[in-house]
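Read the numbers this way: they start at 1 and go in the same order the structure lists the ligands and their atoms. Values below: all heavy atoms of this structure, side chains included; hydrogens, waters and symmetry mates excluded.
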Amino acid sequence: MASSGSPTKKGNNHSDRLVQPTNPNLAAMKEDVLYHFSLSTSTHDFPAMFGDVKFVCIGGSPTRMEAFTKYMAKELGLDHPGAEYPNICRGTDRYAMFKVGPVLSVSHGIGIPSTSIMLHELIKLLYHARCSDVTVIRIGTSGGIGLKPGSVVITQQAVDASFKPVFEQMVLGKPVVWRTRLDEKVAQELMQCASELLKFPTVLGNTMCTSDFYEGQGRLDGALCSYTEKDKQKYLKEAQAAGVCNIEMESSVVAAVCGACDIPVAVVCVTLLDRLEGDQISSPHEVLVEYQERPQRLVSHFIKKRLAAARRP
Ligand code: R2B
Ligand code: URA
């Protein structure tokens, strides 16, 4: 199994952990064009724009990440009448990016390929900006296994469709397998935050990451279906026995890529339905909107606690 970690580079302050991509070619590049962000090191001052970032929250939808930014602005006391949070990536419609104080919010679209591209450019952005001590958190949605809809799952291990904690990608025509590495301490702190909020059921468990929403997640309601209800139930029960609490489409690449660059990373997803009970997401719109705010509330509490602890002498 090929898996990679990187040396932890220290900044001037020895407690600082600088963001460091593992690619040695970057050092020799005069300019770096982050094409899918519509940002370039020759036309944008990355340290001035992003140097103070400590938390990067990522999620599928641009509108959800914008709403999260507005919510964080209020929570951090940084909101004021007429305040605007423009999309930093307005030169492209591939991804959307917003910033308030030390919190950067970026959309990643649906699935592993879209998220992988975003992560490459995000980690290079944080490196060019000379950011240190950054934590990445994915806030997303998922299908639960045996959980009440609206439950929040903090991921212990991101696993693939055969329940292994790995992420596989073809590199130069050959499969390369990365270990998925989530930060245990951040996950525990998030669980502690959930117990303080006591607003919705929250569990720590494994998250299965798939490359498809329909057959890839054992659904019976796609355009294709090559198995029976019984086969589906057997597979989901096997997943449950392997500690899988929810299913989504990005956790493994997030855990593998951030983990390989030694960036502490966590995944917090709300469950929109119980997959043992059905496949269609048919709850009323306002119920789904409230569910999707749950990871945001939890992560906001975590960020505020971290910032308060950092201010303490
Ligand atoms: C959860 O929801 C999306 C699919 O509807 C996908 O991005 C995911 O992981
Ligand atoms: N997102 C997924 O990937 N699966 C679900 O069932 C719900 C949301």
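Of the polar atoms of Glu248, none of the N or O atoms is found under 3.5 Å from an N or O of ligand 2, judged by distance alone. For ligand 1, the polar-atom distance check against Thr141 finds a nitrogen or oxygen pair separated by under 3.5 Å. Checked by distance only, ligand 2 and Arg275 stay at 3.5 Å or farther apart across all their nitrogen or oxygen atoms. Checking only distances, Glu248 never comes within under 3.5 Å of ligand 1, N or O to N or O.
With respect to Lys305 and Glu189, no salt bridge is recorded, no charged nitrogen being found less than 4.0 Å from a carboxylate O. Residues Asp79 and Lys70 are not paired through a salt bridge, judged by the lack of any N-O separation under 4.0 Å between the basic side chain and the carboxylate. Electrostatic pairing of Lys99 and Asp52 counts as a salt bridge here, judged by a charged N lying under 4.0 Å from a carboxylate O. Between Arg219 and Asp212, no side-chain nitrogen of the basic residue sits less than 4.0 Å from a carboxylate oxygen of the acidic one, so the salt-bridge criterion is not met.
Considering Cys269, Gly140, Ser142, Gly111 only, the shortest heavy-atom separation from atom 1 (N) of ligand 2 involves Ser142.
In this structure, atom 8 (C) of ligand 1 lies nearest to the protein heavy atom Glu250 OE1, 3.5 Å. What sits closest to atom 4 (N) of ligand 2 on the protein, heavy atoms only, is Gln217 OE1, 2.8 Å. Nearest non-hydrogen protein atom to atom 5 (C) of ligand 2 is Gly143 N, 3.3 Å. If you check which protein heavy atom lies closest to atom 4 (C) of ligand 1, you get Phe213 CD1, 3.7 Å.
Side chains of Glu248 and Ser251: a donor-acceptor N/O pair is present below 3.5 angstrom, by distance only.
The Leu273 neighbourhood of ligand 2 comprises atoms 6 (O), with distances under 4.0 Å to a heavy atom of that residue.
The shortest separation from a heavy atom of Gln217 to ligand 1 is not under 4.0 Å, leaving the residue out of contact. Not a single heavy atom of Thr271 sits less than 4.0 Å from an atom of ligand 2.
Within the 4.0 Å heavy-atom criterion, neither part of Gln292 lies near ligand 1.
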